[in-house]
Amino acid sequence: MSMIAAFYGGKSILITGATGFMGKVLMEKLFRTSPDLKVIYILVRPKAGQTLQQRVFQILNSKLFEKVKEVCPNVHEKIRAIYADLNQNDFGISKEDMQELLSCTNIIFHCAATVRFDDTLRHAVQLNVTATQQLLLMASQMPKLEAFIHISTAFSNCNLKHIDEVIYPCPVEPKKIIDSLEWLDDAIIDEITPKLIGDRPNTYTYTKALGEMVVQQESGNMNIAIIRPSIVGATWQEPFPGWVDNLNGPSGLIIAAGKGFLRAIKATPMAVADLIPVDTVVNLTLAVGWYTAVHRPKSTLVYHCTSGNLNPCNWGKMGFQVLATFEKIPLERAFRRPYADFTTNNFTTQYRNAVSHRAPAIIYDFYLRLTGRKPRMTKVMNRLLRTVSMMEYFINRSWEWSTYNTEMLMSELSPEDQRVFNFDVRQLNWLEYIENYVLGVKKYLLKEDMAGIPEAKQHLKRLRNIHYLFNTALFLIAWRLLIARSQMARNVWFFIVSFCYKFLSYFRASSTLKV
Ligand SMILES: CCCCCCCCCCCCCCCCCCCCCCCCCCCCCC(=O)SCCNC(=O)CCNC(=O)[C@H](O)C(C)(C)COP(=O)(O)OP(=O)(O)OC[C@H]1O[C@@H](n2cnc3c(N)ncnc32)[C@H](O)[C@@H]1OP(=O)(O)O
Ligand SMILES: NC(=O)C1=CN([C@@H]2O[C@H](COP(=O)(O)OP(=O)(O)OC[C@H]3O[C@@H](n4cnc5c(N)ncnc54)[C@H](OP(=O)(O)O)[C@@H]3O)[C@@H](O)[C@H]2O)C=CC1
């Protein structure tokens with residue numbers, strides 16, 4: 001019997017960010033392994049015209065939850081969506097709901113965050129720092145609370161090369177930042193943002209680091225732990241391989257590559273690609289929840305959920321495997337044939353962007369205009385290149401994360417728990433994982449039917465023929481223009497033509513003789 005699964009039985013669990021990528025997988029695993037848990041409270045806001053109930057209904061009726069419905073048929077009754085907007089004071093939670101949360105919650109998993117790289121400092125601080133502070137304040141008033149698990153990121157200290165499982169201080173105190181953002185206007189905040197974030201690449205990594213400091217400062221006598229996952233990817237094994245439902249991290253770029261939009265990238269092929277499957281992160285999170293509540297470590301422990309030091313793989317190998325999978329299982333209606341060119345040089349990157357990305361987009365838009373349609377490809381391409389430029393920081397460096405706490409926890413688990421809550425990335429086969437990831441992107445994210453693969457392959461053949469035709473036409477036009485202007489080019493051209501003619505005549509004469 002799994003001790004971790006038994007621990008969550010009968011518990012009231014509060015999850016923030018439950019509608020997000022990680023939150024959904026966390027809920028799924030909890031319901032599947034501990035169907036006798038009492039209730040999961042989720043803090044949700046209405047979104048995209050959907051009420052809270054509609055959002056919950058959509059999640060529970062998705063493919064991800066198919067197994068849960070078999071194990072826990074009354075899952076609808078065990079999930080309680082509470083209106084909350086983490087941008088508001090007290091999260092906008094009603095008095096009655098707040099009372100229930102304060103008096104009943106046993107475990108908190110704080111997953112909500114803004115993960116955008118381009119967020120304003122004000123918004124990123126509000127969600128990743130102030131909301132964390134408020135949640136800790138709420139937690140400190142919960143008499144039945146056993147553990148508070150905060151999800152951070154392995155990149156919160158990406159300005160360092162070697163990162164230990166400790167909370168590093170930031171030069172400016174989070175409280176000072178929170179206070180000053182209250183009275184500074186947006187223009188001034190934008191001006192001071194680069195100075196504040198310093199050698200970090202964006203507001204996301206900076207505010208996640210501030211969030212960790214807040215956790216340390218406000219922990220009081222609560223049992224708190226911090227989990228730092230690296231780049232979270234599709235599921236490895238559970239509930240089935242390859243599940244993914246958003247474009248964050250590599251997923252968006254995998255699509256862009258498969259559709260033939262992205263054919264070159266400024267990436268260091270030998271740099272470690274520290275990807276970690278979302279189910280591995282969730283298994284570690286649940287094990288940490290159990291350990292923190294039961295063993296009550298004296299200080300706030302940080303757990304790195306990374307793959308680089310135990311089972312490293314590099315971007316070159318991953319990119320190659322992505323392309324190899326697209327050979328077998330292509331995406332539908334690709335713009336161009338998938339192709340990968342890694343460059344590490346700025347000039348080559350600019351050149352490849354112009355030739356491989358912008359020029360085809362402009363030509364396609366011209367074709368759309370000619371056929372009376374609205375041009376759109378240049379806009380799509382510009383957005384994609386902007387996204388890629390924001391990822392460049394992470395795909396051109398390698399980091400070392402120590403994993404002493406994570407390994408210590410693994411050794412504390414019973415063999416059964418090590419199996420049910422497996423977070424040992426040494427067992428992961430990257431090539432198999434990437435293939436399933438690409439397949440998952442096609443099936444669950446793009447919702448493409450596998451029956452369409454022969455047609456997608458046909459389409460790629462047509463694209464290859466168009467490519468050859470286009471290149472031949474381009475060559476002939478360029479050559480014709482050159483011939484018109486240069487005697488030397490004309491001489492070379494006549495030499496080649498007469499050579500070919502003589503060769504063909506000789507070939508025809510000799511084959512006639514044989515007959
Ligand atoms: C697994 C193997 C990888 C191999 C890659 C395959 C390529 C193979 C061959 C290609 C050739 C070149 C080889 C390349 C090989 C290396 C490439 C590796 C790529 C891996 C990069 C991973 C780096 C991640 C680093 C993460 C570190 C920190 C981890 C964390 O802690 S947090 C999670 C990470 N957070 C994010 O990823 C958020 C990023 N997103 C944003 O910040 C924003 O969305 C934005 C990108 C700034 C865009 O903002 P906008 O305001 O413009 O608009 P919006 O968000 O509404 O979206 C606009 C349109 O863009 C689409 N879109 C959104 N995100 C992405 C995305 N990540 N990739 C592509 N497209 C994206 C969105 O859908 C919108 O589309 P529209 O509706 O059509 O307009
Ligand atoms: N994905 C990754 O690669 C990595 C993620 N992490 C961390 O893991 C955690 C989860 O990330 P992930 O699941 O990928 O992120 P998602 O963007 O998928 O989910 C974010 C969640 O936060 C919620 N949220 C955002 N703003 C608010 C708000 N104002 N009020 C209420 N809820 C809000 C979202 O709700 P809604 O659905 O309403 O928008 C959503 O449920 C984050 O803390 C992130 O920093 C760490 C490392 C890597």
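Counting starts at 1 for both ligands and their atoms, in listed order.
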If we only count N/O pairs under 3.5 Å, is [X] in contact with ligand 2?
X	answer
G23	no
S230	no
M22	yes
I231	no

Under 4.0 Å from ligand 2, counting heavy atoms only, is it the side chain of [X], its backbone, both or neither?
X	answer
Y204	side chain
V115	side chain
T16	neither
A154	neither
H123	neither
N128	neither
K208	side chain

Quiz question: by atom type and distance under 3.5 Å, do the side chains of [X] and [Y] form a donor-acceptor pair?
X	Y	value
T205	N202	yes
E400	H162	yes
S402	D164	yes
T344	T268	no
Y303	T285	no

Next item on the list: Could you tell me whether D186 and R122 have a side-chain N and a carboxylate O separated by less than 4.0 Å?
Entry: yes
Next item on the list: Before accepting this row, confirm whether a basic side-chain N of the pair K63/E66 lies closer than 4.0 Å to the acidic partner's carboxylate O.
Entry: yes
Any atoms of ligand 2 less than 4.0 Å from a non-hydrogen atom of [X]? List them with their elements.
X	value
F21	13 (O), 14 (O), 18 (O)
N246	18 (O)
I151	7 (C), 8 (O), 9 (C), 43 (O)
N87	29 (N)

Does [X] come within less than 4.0 angstrom of ligand 2, counting non-hydrogen atoms of the residue?
X	result
C111	yes
T114	no
H110	no
A131	no

Next item on the list: Please name all residues satisfying salt bridge (charged side-chain N to carboxylate O under 4.0 Å, His left out) with K266, sequence neighbours left out, ordered by chain then number.
Entry: none
Checklist line | Identified side-chain contact (heavy atoms from CB on, under 4.5 Å) partner of L196 from the options T207, T203, L210, V172 | finding: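 The single option meeting the side-chain contact (heavy atoms from CB on, under 4.5 Å) with L196 is V172.
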Checklist line | Non-hydrogen atoms of L445 and I255 that approach each other most closely | finding: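 Scanning both residues completely, I find the closest heavy atoms to be CD2-CD1, 3.9 Å.
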Checklist line | Sequence neighbours excluded, every pair satisfying side-chain hydrogen bond (donor to acceptor under 3.5 Å, both in side chains) that has a member inside residues 132-150 | finding: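 Residue pairs passing side-chain hydrogen bond (donor to acceptor under 3.5 Å, both in side chains), neighbours aside: H110-T132.
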